[in-house]
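Below is one structure, written out as structure tokens; comments come after it.
The sequence lines fix the lettering, A, B, ..., with proteins before strands; numbering per chain opens at 1.
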Amino acid sequence: MAIIEIDYLSINSVTSNRYTMLGTNPLGRLFGPNPFSLLKQHMRLAKDCAEQLPALFEAILAGKRDEVLRLKSEIDRLENEADAIHKTMRQHLPRTFMLPVDRRDLLDLLDMQDKIANVTQDIAGLLVERQMEIPPGIQAPLLPFVNECIGVVRLSAIIMEEMDELLETGFSGPEARKVSGMIDRLNEAEQESDDTGAAVSRALFAHEDQINPVSVIFWYRLLEWIGDTADYAEAVGNRLRLMIATR
Amino acid sequence: MEIIAQYGPWFIGLALVFGLFMTWGVGANDLANAMGTSVGAKALTVKQAIIIAAIFEFAGAVLAGGSVTSTVRKGIIDAEGLIGNPEYLVYGMLASLLASGFWLMIASYKGWPVSTTHSIIGALVGFGLVGIGPESVNWGQVGSIVASWIVSPLVGGILAFALMHSVRALILNQEDPFNAARKWGPYYIFVVGFVISLVTLTKGLSHLEIDISTTNSVFLSIGLGILIALSGGYLLRRAKRDLEAEKDQRFSSVEKVFAPMMIFTACAMAFAHGSNDVANGIGPLAAVVSIVGSGGEILQKSSLPIWVLLVGGVGIVAGLATMGYRVMKTIGTRITELTPTRGFCAELAAASTVVLASGTGLPVSTTHILVGAVMGVGLARGIGALDLGMIRKIIMSWIITLPIAGCLAAIFFFALRFIFG
């Protein structure tokens, strides 16, 4: 929780300073907490959270129950931290703030990042609570699929690291074109992960009669959720493209 | 006349105390705005900022503050109606100093963003209006001052917006931003030196009875600008490229180049602040000194004694050294959003606007112009989040400051008239 506590602190000190040290000082009160650095922090947490998934699947495959539980609680912790920033940002972005981008685009992007962490938590929750075992028929294609989806998430996180540069150049010029190119690659990567996902689904379909029918249903759902991590990561990129394109 | 002869030293003493009180307040709070950005960008330590402030505030007040001082001294209250009672003008000036000093103290305590300039002008108008009569106020002049309060932050904002875009086009959007910054940096520093020299030479020096023709002023300013740009170029060449930091933020080395440029804008801001805020703070003091000095003659054309400006400079530096450095530190850490490139654009725009206003004799608010300039950078999509509520607060502070400073001044005026007769 360390990162978030610091942010609350700085927000609190802004308010308390308003009436003491800064006195008649309009300049000190002009700046709101930078939503873009919070956005970056949030994305890092969402990515860290999703990055636990490959290890989680491997631990399940290897039957390491303790490791599975440890990873699950790590995912919960990261998701909670991300949630706290999500809440802070939504609370501390009053309409009187002048932002370099549309306020709704910014909050939309934040929501997409948050969904990456949320769906990761859902996946881990279902795997652990229902003690899902990985059917032998899909073991081979499943891990590459998970890795590919997390790769898409990583790509979107790398793009979000460009936020400072974008802000410095006013979301325009060569920097904006560079980020736009990165988003193109993100779109391609997501497309590829979709194809891999379809292959896993086909493998699951081929082995349906060897698996408990209820598990089959849940596996289809899990595959969908794993694919969702990449979908939301792509949506992060597309929201960012919207910020660059408008104005 | 005999009242002035009788209590002359008293009046000068009171004016000195009130004037020091006023300028101390300006130094304790207002000045920190002007220089906090450079401290925040780590271009200067607080100690260096105080030294720069001491030198350039004084230089600004002496070299470019004459017109503003004379506006405050004789532009707002039409002294012609007071020829029979010159002491009334003395009371009024004392009352105005006391009223604005008092109001600034209350406002500082309450945390309202009020401006020294607005307090002084409000107090003068209030004393003229209530103490003497509406006809004694030079409404035309007051009108243009009030208009300048709206126009000057806008001008600052537009300049900052344009500067930000030029920095992007010439430097940030180039293939090699670091070397582009080193190449164009001296040109920007030239602009700083040129603008300030030009305004000083064409407008500021007349009260020192130094007259230079406009053509000569332009050439001299170009020369001074080049000189300053060369010294800046030397500093910029020492900026080291940090490839490690560039991995994290591609423009971090560019910021390193801009950091020493903030030394120049800090000087410019201190100069501008001196030319306007110091000048209007000591305007009433200057008025008292000249009336008492001439034994009650109001309409003399004596020039401003330098020691009066010195008092202003001393007050400001004392304020900065006793309290202002703390405010400066706080602001420096608070406005890290204003990285050197952004801070440079905002400060250069603000300093130029203030110095131009000073040249025309208009008392404006450095802080409000700086807020306008920062907004301009924000409009260029350069800042994370700016609280537009600040604009409303500033307008509210005007609406409150003007009548309150005016009423206080009127009350103090009547009190002084009661005491001294």
Query raised in the report: With a 3.5 Å cut-off and no angle check, do the side chains of T265(B) and E347(B) form a donor-acceptor pair?
Result: yes
**Report entry** Salt bridge flag under 4.0 Å for residues K115(A) and D228(A)
**Finding:** no
Query - chain A contact via E255(B) - which portion, at a heavy-atom distance below 4.5 Å - result: side chain
Query - Which of G173(A), P94(A), P174(A) touches chain B most, by non-hydrogen pairs under 4.5 Å - result: P174(A)
Requested in this report: Measure up the F344(B) and Y188(B) rings against each other and bin them: parallel (under 30°), tilted (30 to 60°), perpendicular (over 60°).
Outcome: perpendicular
Requested in this report: Show your working on salt bridge (charged side-chain N to carboxylate O under 4.0 Å, His left out) between K178(A) and E165(A) and close with a plain yes or no.
Outcome: CA-CA 11 Å; K178(A) 175 185 161 194; E165(A) 283 89 341; over 6 Å; no
**Report entry** Option in P35(A), G32(A), G170(A) with maximal non-hydrogen atom pairs under 4.5 Å from chain B
**Finding:** G170(A)
Query raised in the report: Between T322(B) and W24(B), does any side-chain donor sit less than 3.5 Å from a side-chain acceptor?
Result: yes
Requested in this report: Select, from T341(B), I383(B), I391(B), V254(B), the one with the greatest count of heavy-atom pairs under 4.5 Å involving chain A.
Outcome: I383(B)
**Report entry** Region of M375(B) that comes under 4.5 Å of a non-hydrogen atom in chain A
**Finding:** both
Requested in this report: Name the region of R168(B), side chain, backbone, both or neither, that has any atom closer than 4.5 Å to a heavy atom of chain A.
Outcome: side chain
Requested in this report: Against chain A, label R342(B) side chain, backbone, both or neither, depending on which of its atoms sit under 4.5 Å from a heavy atom there.
Outcome: side chain
Report task. Test C149(A) against every option in I226(A), D231(A), T196(A) by the side-chain contact (heavy atoms from CB on, under 4.5 Å) rule and name the one that passes. Result -> I226(A)
